[in-house]
Protein chains: 2
Amino acid sequence: MIFSHSKNQMMKMIRLIGFVIVLGIFSACTINTENKTEITSQTVGAIEITNPLPSWNKGATKASIIDYVNDVINTESENFIKIPDRIAVFDNDGTMWSEQPLYFQFYFAIDRVKELAPEHPEWKNEQPFKGILENDLNQLLASGSEGIGKVLAITHSGTTVAEFQQIVSNWIKTAKHPTKGKPYTDFVYKPMLELLDYLRANNFKVFMVSGGGVEFMRPIICDIYGVPYDQILGTSFKTVYNYNDGKPALERLPELEFFNDKGGKVVNIQKIIGNKPVFCGGNSDGDLAMMQWTASNKHKSFMLYVHHTDSVREWAYDRESHIGRLDKGLDQADQDGWTVIDMKNDWKIIYPN
Amino acid sequence: MIFSHSKNQMMKMIRLIGFVIVLGIFSACTINTENKTEITSQTVGAIEITNPLPSWNKGATKASIIDYVNDVINTESENFIKIPDRIAVFDNDGTMWSEQPLYFQFYFAIDRVKELAPEHPEWKNEQPFKGILENDLNQLLASGSEGIGKVLAITHSGTTVAEFQQIVSNWIKTAKHPTKGKPYTDFVYKPMLELLDYLRANNFKVFMVSGGGVEFMRPIICDIYGVPYDQILGTSFKTVYNYNDGKPALERLPELEFFNDKGGKVVNIQKIIGNKPVFCGGNSDGDLAMMQWTASNKHKSFMLYVHHTDSVREWAYDRESHIGRLDKGLDQADQDGWTVIDMKNDWKIIYPN
């Protein structure tokens, strides 16, 4: 265990992270994709799935998904949707994989500080690095937004993109979840992977639309989800192009370009995807705007909330949570008849392993 | 003919448009894609093409393209490129269709002023609208960047996106080129459409990366090029999401978000596509940065410049042109051995009709 996590510590940390993100207290790194992981499992075209969603228990939730898909792919149905309009968007943290006790990207930042520490002997006596190196969350928290901003800046900058993506790729291969002691990729939801496959088999184009950093996610989730880089949308930082006398590079500026959350998700969906989704998966109020946007489609649409109800196999949280708060979204799902996954009862299996 | 176009007028106009764009003197419109045109011709997977590039004359240019593709799709070749890395990017104006005597999007703005004029009787005496309504480019030019900014603001705002895209769709169906008197879509280059098909048939993923407005291009080029909305990158404006009591809308702010030209094209390629291209098509110095970026790929890459050399069938221009200037790009193409299309000699046919 890296840190002991009290609820108050968590809430304070989250508020600070949010504050830092909104202020754009981020730093530079250089971006390209030379070392990106290959896509090995992208589904192209319709593949027959004889037993869709095997990790889902029989019941209203599973049935509602299958009924929807069967309806909109049926050329005889008044709800038929042509293939180019079969756009599906999914949040990542808490929707595709776990997000407790903190977003995994933040553990990346903490681990990165430790990795860089040998080059920075001064950090032993300098906050917020001292707190991280002593595994003391309270010291880190006491450094406030300025301290957390420093951590995020140092850990997401100072490299080329090839280097950054390699760093992320290396980290995800070896890092362990702070309380569970297993690789972070063990915390992907098997039922959701099956849902992506099922949608793609029915010619939906699947996009990730996450508050996480887009260049952090790409090397991690592309392979696991079978989603290519250009179908992954996330928070981004300003970059500038530099020809560098024939060795061109994109240099990242210490400035947040776009925070991909709430209404920002809708803005990015239009800007990058250009088409209103018909299928939307999320788990928090941060996904409510894209749910509403999807619900306003002229085509029959499907809004799917993951409700974290399984304190034994995963975590149980909703209206009062410091991470992935689901409050207004739960109300609107109830009011408008959106589908809510009861993780405890609807999912036979949660994690692949 | 809407306007008489002298070279001096053109140069002044272009400088002013560039100035206006850089300053971000643009206004609001609301964006969604409800009324977008359907994609009807997207190629998925490998389709055998027995006679690729039929509108291209035999010669070094055509051979270099086919040799490149055959090399990088050959699993036995040391230059083999896996499918997810077969990213091709193309500029639009001057690369996929003509751009003379002015970018077609600017004629849209001029035509839109005329369409809106009945609602604005005051425009008869108010510049820059008076000049447009009197078909007098000199009056419009005399209004300066402020005047052109007004025109762009009025013509690209004040509507929802559904409305804006419908307006663009209607315009492209009826508008005529100011000097040629034919629909703008007649000025698409048939050899380039064949090239897109050929690349897609060999599992390249084709993206448009243009300085034009992304929401202007989407309803026009999606069908013609067979490129889906999410593979069209362009200049964009800031938008905000408004739930509007259950009728959600994206409202465009009078602020340029991103000018997709020069180094900006590289920035957007990384942000949105996430992968460095291996194939790049362009026609001007505005495309040089993405050519250089493509040339820096670790995979074997192909840089293709369209050189406008046919004053009879199209237009002839390069180093001194007010639109689509190709000067530094021509030098680097020569120096680095990039392929340059001599439009007059390499293209058997230019336009489909």
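First the proteins, then the strands, lettered A, B, ... as listed; each starts at 1.
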Pairwise distance CD1(I273(A)) to CG(D230(B)) - rounded to 0.5 angstrom: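 That separation rounds to 7.0 Å.
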To the closest 0.5 Å, what do you measure between CD (Q231(B)) and CD1 (I272(A))?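 It is 13.0 Å, given to the nearest 0.5 Å.
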What heavy-atom pair brings V267(B) and V240(A) nearest, and what distance separates the two atoms?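 Nearest pair, atom of V267(B) first, then V240(A): CG2-CA, 4.2 Å.
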Going by atom types only, do Q270(B) and Y241(A) share a side-chain donor-acceptor pair under 3.5 Å?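 Their side chains do not contain a donor-acceptor pair, so the 3.5 Å distance test is not met.
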Evaluate N275(B) against R218(A) for side-chain contact (heavy atoms from CB on, under 4.5 Å), listing each step before the verdict. CA-CA 10 Å; N275(B) 204 344; R218(A) 281 171 169 158; over 6 Å; no
Would you please name every residue forming a side chain to side chain contact (heavy atoms under 4.5 Å, CB included) with K328(A), sequence neighbours left out?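 Expected list: D285(A), L288(A).
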For V266(B) and L250(A), what are the C-alpha separation, side-chain angles and deciding distance, and is it a side-chain contact (heavy atoms from CB on, under 4.5 Å)? CA-CA 8 Å; V266(B) 178; L250(A) 278 166; 3.8 Å; yes
Taking every heavy-atom pair that is under 4.5 Å apart, which of A289(A), A295(A), G263(A) has the most such pairs with chain B?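 With the most close heavy-atom pairs to chain B, the winner is A289(A).
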Is the shortest side-chain N to carboxylate O distance from K271(B) to E257(A) below 4.0 Å?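 Answer for the salt bridge query: yes.
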